[in-house]
Q: 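Can you keep this structure in mind? I'll have questions shortly.
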Amino acid sequence: KRKNDEICENTMNETITLYKDTARELKSGVRAVYGYCRKGLLDRAYLPGFKRARGVTRQSLNRLLERIASGDAGKVVGDA
């Protein structure tokens, strides 16, 4: 098994939010969403058989939105 296949199995049962929809919801750009993924704030969502991520998991997006709403993510996201 390839590493990507294991990642796909983990994200198959989760809802995928596209990068541009995530950016719209966070009121930022798509490049910022890529940066949040690199920093580990969002989890990339891969489709089976693909090497590139199609978006982010809805669960990770909700987790980040909760951190932003609680005022916890200011230092991490750059709002403070």
Side-chain angles (χ1 to χ4, degrees):
K1 260 187 178 180
R2 294 184 325 225
K3 180 182 175 187
N4 193 28
D5 292 337
E6 294 173 10
I7 294 172
C8 287
E9 287 178 8
N10 293 339
T11 59
M12 280 178 64
N13 297 327
E14 294 188 31
T15 305
I16 297 174
T17 306
L18 299 176
Y19 286 120
K20 69 176 186 175
D21 294 336
T22 303
R24 188 178 306 129
E25 197 160 338
L26 292 173
K27 294 183 176 68
S28 65
V30 176
R31 297 303 308 170
V33 174
Y34 292 145
Y36 298 153
C37 290
R38 266 194 315 278
K39 290 181 180 181
L41 296 173
L42 293 170
D43 299 328
R44 289 185 170 103
Y46 296 88
L47 294 174
F50 290 86
K51 290 184 178 183
R52 294 185 181 183
R54 186 73 176 122
V56 298
T57 60
R58 186 68 206 180
Q59 182 181 8
S60 69
L61 178 58
N62 289 340
R63 185 177 61 230
L64 180 61
L65 289 172
E66 287 174 11
R67 287 181 66 186
I68 292 171
S70 69
D72 224 9
K75 294 180 251 17
V76 178
V77 177
D79 291 336

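Here, residue 1 is the first one in the sequence, and each next residue gets the next number. Values below: all heavy atoms of this structure, side chains included; hydrogens, waters and symmetry mates excluded.
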Q: According to a 4.5 Å side-chain heavy-atom criterion applied to Ile, Leu, Val, Met, Phe, Trp and Tyr, with indirect links allowed, do Leu65 and Val30 form part of one hydrophobic cluster?
A: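 Same hydrophobic cluster.
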Q: Would you name the heavy atoms of Thr57 and Arg44 that are closest together and state the gap between them?
A: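 Reported closest heavy-atom pair: CG2-O, 4.3 Å.
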Q: Hey, does Thr22 have a side-chain heavy atom less than 4.5 Å from the side chain of Tyr36?
A: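 With C-beta onward as the side chain, the pair stays apart.
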Q: Return the OH to CZ distance between Tyr19 and Arg54, rounded to the nearest 0.5 Å.
A: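 It is 10.0 Å, given to the nearest 0.5 Å.
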Q: Distance check, rounded to the nearest 0.5 Å: Leu26 atom CG versus Leu42 atom CG?
A: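 The distance works out to 6.5 Å.
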Q: Supply the atom-to-atom distance Thr17 OG1 to Asn62 CG, rounded to the nearest 0.5 angstrom.
A: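 One finds 7.5 Å between OG1 of Thr17 and CG of Asn62.
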Q: Are the side chains of Val56 and Leu64 in touch, meaning some heavy atoms are under 4.5 Å apart?
A: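 No, their side chains stay 4.5 Å or more apart.
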Q: Roughly how far, to the nearest 0.5 Å, is CZ of Arg63 from CG of Asp43?
A: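 If we round to the nearest 0.5 Å, Asp43:CG and Arg63:CZ are 5.0 Å apart.
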Q: Indicate yes or no: at least one non-hydrogen side-chain atom of Arg24 is less than 4.5 angstrom from one of Asp21.
A: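 They are in contact (side-chain heavy atoms under 4.5 Å apart), so the answer is yes.
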